[in-house]
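The next block holds one structure in the form of structure tokens; read it before the comments.
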Amino acid sequence: MMEIGYACLTVGVQGTDFRTCTRKNASNEKLVELIEHNLDSLETIVDYNIKNKIRLFRITSDLIPFGSSPVNQLPWQDLFMSRFARIGERLKAGNLRVSMHPGQYTVLNSPDVTVVERAVDDLIYHANLLDALETGTESKIVLHIGGVYGDKEQAIRRFCENYKKLDSSIKQRLIIENDDRNYSIDDVLRIGNEMGIPVVFDNLHHRVNPTKAETEEKELTESEWIDLAGETWRPQDGRQKLHYSQQEPGKRSGSHSETIRIDAFLEYYSAIKEKPVDVMLEVKDKNLSAVKCRNLISEEREIGRLELEWSRYKYLILERSPAAYEAIRALLKDKSAYPAKNFYRILEETMQIQPEAGHAVNAAQHVWGYFKDQATEQERLGYLKLIDSYREGKTSSAPVKRYLWKMTEKYRQPYLQDSLYFFL
DNA sequence: CACCGTCAAGTCGCA
DNA sequence: TGCGACTTGACGGTG
């Protein structure tokens with residue numbers, strides 16, 4: 001079964017934020033506090049992923065602030081050994097595959113040796129983190145090749161030489177990806193094949209930075225490039241990984257979209273569904289698109305999965321379109337069906353609408369209904385004041401939603417606590 | 001509590 | 001040689 005994953009952060013999941021600090025505030029005490037907090041968040045994300053059947057996930061490089069910098073001298077692996085072990089066990093129990101992806105500033109092929117040293121330190125940090133979680137060699141570290149420096153062949157040679165010097169704990173996890181600027185998929189495949197490094201095909205990078213015409217007799221299809229990348233993967237690497245993203249309309253070429261559009265995704269999926277691959281989504285709404293795509297291709301076809309989604313999106317839909325709200329209610333009536341495509345199509349279309357004030361007030365009233373019997377008189381007046389101010393066009397709906405979120409937390413309404421109404 | 005400049009990283013194009 | 005743009009989310013100070 002192909003797994004769909006997302007990168008680093010979640011949207012609309014409480015207790016999953018990652019914190020850091022500036023260099024000058026990075027005392028040992030501060031760092032310990034931040035790491036503890038971030039490990040709590042990671043654990044919450046892992047639990048969320050298990051609950052939502054998301055079995056592919058990228059761990060943020062910011063988990064340990066200044067993890068590869070002399071600023072952080074803490075023996076964090078030892079200090080938090082039991083925390084790492086616990087999360088690692090949960091990853092195993094949930095059959096989760098995790099990966100990491102050092103940023104664009106980790107450059108292994110720089111002509112500046114100090115830059116390379118820092119890149120190696122950063123790779124060591126990433127490998128140490130995955131070791132602490134006791135993940136296997138199918139748990140990958142994704143890296144770009146780096147800069148060109150006016151001489152691509154020389155730059156590639158430098159990458160290969162520096163790769164050879166890496167510790168095997170890094171080598172057995174390192175994989176390489178085509179980027180949107182310098183190294184196209186044919187470049188990366190050449191390096192991968194020569195050095196025995198698995199290659200990740202990124203569809204959007206490929207679109208922005210396709211192979212040069214003179215290097216290929218005829219341009220290959222995405223599916224063919226994916227097959228060529230697949231040949232670089234060995235059994236110990238686990239399933240071949242792909243990066244998938246969509247262009248955000250109107251933004252700089254290569255910008256990741258806000259959400260994954262269903263139709264383009266399903267078209268992509270039809271080309272890869274028979275291949276033994278895992279797909280990492282790179283998209284702003286993170287887990288939301290991962291759950292959506294998983295549900296779209298799920299063979300389990302449990303309507304309960306859609307009902308759970310509906311519980312999170314419903315007030316967002318209600319404030320945009322009562323008609324769409326009713327349409328989805330009707331769609332989910334038949335408990336023997338699994339109308340995932342229609343469900344998400346209506347969601348997708350409706351979410352593009354700007355809420356009208358009347359509908360937004362209606363949705364807010366629905367939410368307020370959860371509290372109206374328990375709320376104090378003062379809270380009732382506070383709510384009324386905000387909703388009137390919104391109705392008269394004096395403010396946006398943001399203060400209303402903030403207020404309702406505060407109430408949700410105070411009165412612990414679990415149904416609302418998971419609602420995306422407050423976060424999208 | 002909203003707002004916005006700053007941070008942190010390395011490369012590259014342009015004065 | 002040096003500077004700004006590029007990127008990203010959160011910090012951290014101001015109003």
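Values in this document were obtained by computation on a predicted structure and should not be read as measured data. In what follows, chains carry the letters A, B, and so on, assigned in the order in which the sequence lines appear, proteins first and then strands, with residues in each chain numbered from 1.
For DNA chain B, the contact window with chain A, defined by any atom under 4.0 Å from a protein heavy atom, covers B/dA2 to B/dC12 in 5' to 3' order.
At a non-hydrogen distance threshold of 4.0 Å, nothing from residues 108-123 of chain A comes into contact with DNA chain C.
Pairs engaging residues 173-185 of chain A under the salt bridge (Lys or Arg N to Asp or Glu O under 4.0 Å) rule: A/D131-A/R173 [sequence neighbours left out]. A ring-ring contact (aromatic ring centres under 6.0 Å, His included) check over residues 244-268 of chain A, counting only residues at least two apart or in different chains, returns the pairs A/Y244-A/F265, A/Y244-A/Y268.
The residue A/G147 sits close only to the backbone: its heavy atoms come under 4.0 Å of sugar-phosphate atoms, none of a base.
For A/E29, the salt bridge (charged side-chain N to carboxylate O under 4.0 Å, His left out) criterion is met by no residue, not counting sequence neighbours. In terms of the salt bridge (charged side-chain N to carboxylate O under 4.0 Å, His left out) criterion, residue partners of A/E3 (sequence neighbours excluded) are, by chain and number, A/R55.
Electrostatic pairing of A/R19 and A/E33 counts as a salt bridge here, judged by a charged N lying under 4.0 Å from a carboxylate O.
Residue A/T22 places none of its side-chain N or O atoms closer than 4.0 Å to OP1 or OP2 of C/dA10.
A tilted orientation is assigned to the rings of A/H243 and A/H101, their planes being inclined by 30° to 60°.
Separating the CG atom of A/N182 from the P atom of C/dC6 is a distance of 16 Å, rounded to the nearest angstrom. Atoms OH (A/Y105) and C1' (C/dT8) sit 8 Å apart, rounded to a whole Å.
A distance-only check finds no donor-acceptor pair linking the side chain of A/K53 to the backbone of A/I50 [under 3.5 Å]. At distances below 3.5 Å, not a single donor-acceptor pair connects side-chain atoms of A/E222 with backbone N or O atoms of A/H206.
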